[in-house]
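Note sheet for the following structure.
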Number of protein chains: 2
Amino acid sequence: MAYTVGQVAKVAGVTVRALHHYDEIGLLSPSGRTPAGYRRYDDADLERLQHVLFYRELGFPLEEIAAIIDDPAADPAAHLRRQHELLTVRITRLQEMVTAIEFAMEASKLNIQLTPEERFEVFGDFNPEEHEAEAERRWGDSEAYRESNRRVSRYSKDDWLRIKEENEDWGRRIVAVLASGVPADSPEAMELAEEHRQIISRWFYECSYEVHTGLADMYMADERFTRHYEDIAPGLAAYLNEAIHANAISRA
Amino acid sequence: MAYTVGQVAKVAGVTVRALHHYDEIGLLSPSGRTPAGYRRYDDADLERLQHVLFYRELGFPLEEIAAIIDDPAADPAAHLRRQHELLTVRITRLQEMVTAIEFAMEASKLNIQLTPEERFEVFGDFNPEEHEAEAERRWGDSEAYRESNRRVSRYSKDDWLRIKEENEDWGRRIVAVLASGVPADSPEAMELAEEHRQIISRWFYECSYEVHTGLADMYMADERFTRHYEDIAPGLAAYLNEAIHANAISRA
DNA sequence: CTCCCGCCTGCCGCTACGTCAGGGTCAAGG
DNA sequence: CCTTGACCCTGACGTAGCGGCAGGCGGGAG
């Protein structure tokens, strides 16, 4: 099975020029030439090219790719495992970015200003370990958050308006309940906490009681969220937190 | 809040040189300068930089990034939604690559040789249209193939073992039928062709009669597949091809 | 006042190709 | 047999997105 440059280029989705380049720098030299000097690629060359393209897509410099591929201490299975791992790392990274975007959406919805550090904690350089711990602490369950992303991406303007309206209606009612002086573990307050949970579940992601209490704790831990609720009504952040916890316990 | 280049570089995880470059090409010019000519970045500049870095990480050329960011017909929420969508597309892409790697791992375990087309159907910077056309030609329905990918990626080791076993059992039986000398359009052969179709449907993708005959033709057209069946028993490739066609006609 | 760190503006270099230019090759058709 | 068009070859230059250094100014701590 021999292939010309053009055939290889077509099947692999690269340009002929790129294949010339790989030949020039010795990254991928065809196993032979025709008498006329035409490059002839065989199946082994194609396999090598496949690996080259894999690492290239992940952004590795060509020189490094050569080193990886030519590593004598790596059997085919080891390569596959390495590639698999690289991919999952990348996916994790992108999912973190998704989470960050979601966070920014949430913040902009509540009109919260992001600090410079927050702006760039996911973009730019970022330390993987530190960041992962941070994300865990923040969201507890990243799968729930991804679900949210999947849904939110499909919302129309009308959907957003409805969400806003529902949210504001809920806001007015909990302010009223707070003002009426009933305790946070009263049926009225717990009912509104439950409604809060259901709004999230309906519009964003499946919000279990556990996730809900985690969210409530974040509202207390993160000053910007605290302030958001405090600005609506003094004491609301703590009141809501308590109501959510009480609601979660009573339904468990 | 004003920041110097160095400060911005540090918090954003980019080099000072890169910021100089962005200034040079007009992608991100600081909102002001000190009397001494020092660049001064404010919060709005940081926000812009955040977007720049986002699109940069996804591989957009800087010129295009400028166009995207300066698009007057896009409010902040629209940007966030767009970014979100881009991310999910990327994640899907990477997950497809994971599927392909897993497929390759299994193939290498079962000692199955990959065709060149299979090698590159996921890698390479693949032209969506051309690629889809190619996949269409090969698979009849590209959605079916994606469905296959989605399913295959969730198979456990036990599933793979069962598939292998089912496949080998089917292989033994069709070899027996072939050896018995009954024609390819006999009920026995057609029944095995039908079973073949159902194995594919059960484990990989919804395999209509049309797709099935397309597959059968590929078995004949592609030497690798032909040899795979010829190695099991001489004449099997053509026999199976005929049986599949006969089966499709009789059930239509 | 001095020292050192940070900032400035060129300018050259690098990677991974894109894009001609100028010229041979091969299979099909007239 | 000869032509035509698609395909191949080797330079050689251009481009994007910076990295890195040189040579010189600014500014706050000691």
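Letters A, B, ... are given to chains in the order of the sequence lines, protein chains preceding strands, and every chain is numbered from 1. Any value given below was found using the heavy atoms of this structure, including those in side chains, with hydrogens, waters and symmetry copies removed.
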From CZ of R39(A) across to P of dT10(D) the rounded distance in Å is 4 Å

How long is the line joining NZ of K10(A) and C1' of dC7(D), in whole Å?
12 Å

Would you say the side chains of R33(B) and Y38(B) form a donor-acceptor pair under 3.5 Å?
no

On DNA chain C, more 5' by nearest nucleotide between G6(B) and P61(A) is G6(B)

Categorize V16(B) for me: base, sugar-phosphate, or nothing, with a 4.0 angstrom heavy-atom threshold over every strand shown.
nothing

Of P35(B) and F60(B), whose nearest nucleotide on DNA chain D comes first from the 5' end?
F60(B)

With a non-hydrogen cut-off below 4.0 angstrom, is R33(B) in contact with a base, only sugar-phosphate, or nothing?
sugar-phosphate

With a 3.5 Å distance limit and no angle check, can you tell me whether D70(A) reaches the backbone of A67(A) through a side-chain donor-acceptor pair?
no

Pick base, sugar-phosphate or nothing for T4(A), based on heavy-atom distances below 4.0 Å to the nucleic acid.
sugar-phosphate

Is the side chain of R90(A) donor-acceptor paired with the backbone N or O of L58(A) at a distance under 3.5 Å, no angle test?
yes

So, OP1 or OP2 of dC18(D): does either fall under 4.0 Å of a side-chain N or O from H20(B)?
no

Start at the 5' end of DNA chain C and walk down; is the nucleotide closest to E24(B) or to G37(B) reached first?
G37(B)

To the nearest Å, how far apart are L19(B) CG and dG17(D) P?
15 Å

Please give, in whole Å, the distance from dG17(D) P to R56(B) CZ?
11 Å

For the pair made of CD in E64(A) and P in dC14(C), what is the distance, rounded to whole Å?
19 Å

Nearest to the side chain of Y38(A), which nucleotide is it out of dA16(C), dG17(D), dT25(C)?
dT25(C)

What nitrogen or oxygen pairs link the protein and nucleotides 19-23 of chain C at under 3.5 Å?
unit_1: dT19(C); atom_1: O4; unit_2: R17(A); atom_2: NE; d: 2.8

Checking Y3(B) against R40(B) for the side chain to side chain donor-acceptor pair (under 3.5 Å) test, could you report, in this order, the C-alpha distance in whole Å, the side-chain angles of both residues, the deciding distance, and whether it holds?
CA-CA 6 Å; Y3(B) 312 86; R40(B) 304 259 87 182; over 6 Å; no

Give one of base, sugar-phosphate or nothing for T34(B), where a contact means two heavy atoms less than 4.0 Å apart.
nothing

Separation of atom CG in D23(A) from atom P in dT10(D), rounded to whole Å
7 Å

Sorted by chain and number, sequence neighbours left out, side chain to side chain donor-acceptor pair (under 3.5 Å) with S29(A) holds for D23(A)

Using a 3.5 Å distance criterion without hydrogens, assess whether the side chain of E57(B) forms a donor-acceptor pair with backbone atoms of F54(B).
no

Between C1' on dG18(C) and NE2 on H21(A), what's the gap in Å once rounded to a whole number?
11 Å

Can you figure out which of dA16(C), dC18(D), dT10(D) approaches the side chain of Y22(B) most closely?
dC18(D)

Between dC18(D) atom P and L27(B) atom CG, what is the distance in whole Å?
9 Å

Ion pair present between D43(B) and R48(B), side-chain N to carboxylate O less than 4.0 angstrom?
no

Regarding R17(B) and Y22(B), is there a side-chain donor-to-acceptor distance under 3.5 Å anywhere?
no

